[in-house]
Number of protein chains: 2
Amino acid sequence: MTQDSATGAPSSAHEPGDALQTGGTTGIIGYRLRRAQLSVFQKFLSIFDGLKLRPADYSVLVLIADNPGRKQTEIAEVLDIKRANFVTLVHGLEERGLVERIPSSADKRANALHLTEEGETFLAHARQVHEAMEQELIDRLGGEGERAQLLALLDRLT
Amino acid sequence: MTQDSATGAPSSAHEPGDALQTGGTTGIIGYRLRRAQLSVFQKFLSIFDGLKLRPADYSVLVLIADNPGRKQTEIAEVLDIKRANFVTLVHGLEERGLVERIPSSADKRANALHLTEEGETFLAHARQVHEAMEQELIDRLGGEGERAQLLALLDRLT
DNA sequence: TGGCAATGTTATCCTATATAACTAAATACC
DNA sequence: GGTATTTAGTTATATAGGATAACATTGCCA
């Protein structure tokens with residue numbers, strides 16, 4: 001009884017060079033999501049290796065650029081980053097001269113976040129680099145239509 | 001010049017209660033992938049909280065069940081888990097009485113992995129629980145067709 | 001005015017993941 | 001056949017992500 005291909009069930013024995021039965025995991029939506037996400041993030045990391053920018057850093061810079069003057073809690077919240085961990089993240093960006101924490105005059109507890117001039121320049125470049133990566137992903141998907149399809153399907157899972 | 005809705009660009013000022021401009025991040029494939037993956041894993045964790053089973057544990061049990069007698073390196077490899085980290089993972093499953101490490105007679109360095117009787121019973125139950133979750137995800141996607149579409153699109157990213 | 005909530009921060013913990021080094025055993029090479 | 005290389009499992013260790021608790025300062029509000 002070694003008819004794997006018929007039943008898909010594991011045979012009682014295996015030859016040393018045999019491929020493993022992976023259907024039990026590769027059929028799982030969450031598993032495939034995770035693999036795809038890791039693959040895309042890996043590509044991001046390799047592309048942005050020179051700029052020393054991680055996905056979280058990039059998303060923070062983009063959000064600050066598109067919402068200048070917002071306080072830390074607001075930016076952290078939309079990214080689902082705990083404000084305690086956001087402190088370290090912003091601190092790093094500030095040390096690199098990309099972000100400014102300006103004490104809010106309206107609320108003395110809060111810091112208003114802004115990009116520095118250098119931060120604007122840096123992000124403009126990073127956005128170009130990222131745009132190229134995004135376009136490659138779209139190409140791999142098959143086009144804009146497939147990208148829209150994917151995003152719509154992902155939305156239903158969230 | 002406060003016509004955000006027309007340009008999508010940030011206005012120079014924001015009202016305290018305003019929603020943030022998030023298009024810069026939510027349009028990114030990798031960002032949406034990550035959010036969806038986190039959401040699905042979160043659901044997994046809450047559903048399997050009672051069984052104290054994490055996604056990685058589940059995938060390991062399934063792979064051992066479907067490929068009994070394989071050695072650690074083989075199972076770890078298909079899951080992209082470093083063999084050094086796999087040691088701890090399998091050790092935990094062994095301590096819980098779900099997995100056996102049987103020294104291979106053919107290769108005295110290797111451990112042949114098997115589920116125990118208890119492991120088989122446990123996994124049978126876990127598979128049922130997971131099947132219900134998977135079906136809910138499929139329903140959310142819209143049906144089997146959409147599931148197949150999603151998996152196909154994810155494949156192209158990997 | 002006094003109590004409660006929010007902001008930013010520090011400290012700490014846990015988990016996941018990556019790397020290096022080691023042993024014992026198998027394999028390759030000559 | 002004996003030596004060198006590779007492989008399997010393991011240990012120790014480092015880093016990064018993310019969660020929680022506690023605290024000072026400030027804002028809110030009733």
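Here is how names work: the chains are called A, B, and so on, in the same order as the sequence lines, proteins then strands, and each is numbered from 1.
Between A:F41 and A:F44, the two ring planes are tilted [angle within 30° to 60°].
Phosphate proximity of C:dT9 to A:Q72: present, with a side-chain N or O under 4.0 Å from OP1 or OP2. Under 4.0 angstrom from either OP1 or OP2 of C:dG8 there lies at least one side-chain N or O belonging to A:T73.
Per the geometry, CZ belonging to A:F86 stands 19 Å off P belonging to C:dA6, to the nearest Å. Here C:dA16 presents its P atom at 18 Å from OH of B:Y58, a figure rounded to the nearest Å. To the nearest angstrom, C1' of D:dT26 lies 9 Å from NZ of A:K108. Atom CZ of A:F41 and atom P of C:dA16 are 18 Å apart (whole Å). As rounded to whole Å, 16 Å separates atom C1' of C:dT15 from atom CZ of B:F44. If you take CZ of B:R70 and C1' of D:dA8, they are 15 Å apart, rounded to a whole angstrom. For A:E77 and C:dA6, the CD to P distance is 10 Å, given to the nearest whole Å. In this structure, CG of B:L89 is placed 15 Å from C1' of C:dA18, rounded to the nearest angstrom.
Taking the charged nitrogens against the carboxylate oxygens, A:R140 and A:E136 do have a contact shorter than 4.0 Å, which makes a salt bridge. We find that B:R35 and A:D80 are joined by a salt bridge, their nearest charged nitrogen and carboxylate oxygen being less than 4.0 Å apart.
Looking at the side chain of B:D107, the nearest of the listed nucleotides C:dT7, C:dT9, C:dA25 is C:dA25. With D:dG9, C:dG8, D:dG27 as the choices, the nucleotide that has an atom nearest any side-chain atom of A:K71 turns out to be C:dG8. Closest approach to the A:R83 side chain among D:dG9, C:dT9, C:dA26 is made by C:dT9 (side chain taken as heavy atoms from C-beta onward). Listed nucleotides: C:dG8, D:dA8, D:dT10. Nearest to the side chain of B:R101: D:dT10.
Summarising the geometry of A:A65 relative to A:L115, their closest heavy-atom pair is CB-CD1, 3.6 Å, with the distance given to 0.1 Å.
Surrounding CD of A:E77 are at most 12 heavy atoms belonging to other residues, nucleotides or ligands under 6.0 Å away.
The distance from atom OG1 of B:T116 to atom NE2 of B:H114, rounded to the nearest 0.5 Å, is 11.5 Å. Note that the CD1 atom of A:I28 and the CD atom of B:E134 stand 6.0 Å from one another [nearest 0.5 Å].
Comparing B:T88 and B:R109 by the nucleotide of DNA chain D that holds the closest heavy atom to each, the one mapping nearer the 5' end is B:R109.
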Check nucleotides 14-21 of chain D against the protein and report each pair of N or O atoms closer than 3.5 Å, with its distance, or say if there are none.
from   : atom 1 : to    : atom 2 : distance (Å)
D:dG18 : OP1    : B:R34 : NH2    : 2.8
D:dA19 : N7     : A:N85 : OD1    : 3.3
D:dA19 : N7     : A:N85 : ND2    : 3.0
D:dA19 : N6     : A:N85 : OD1    : 3.0

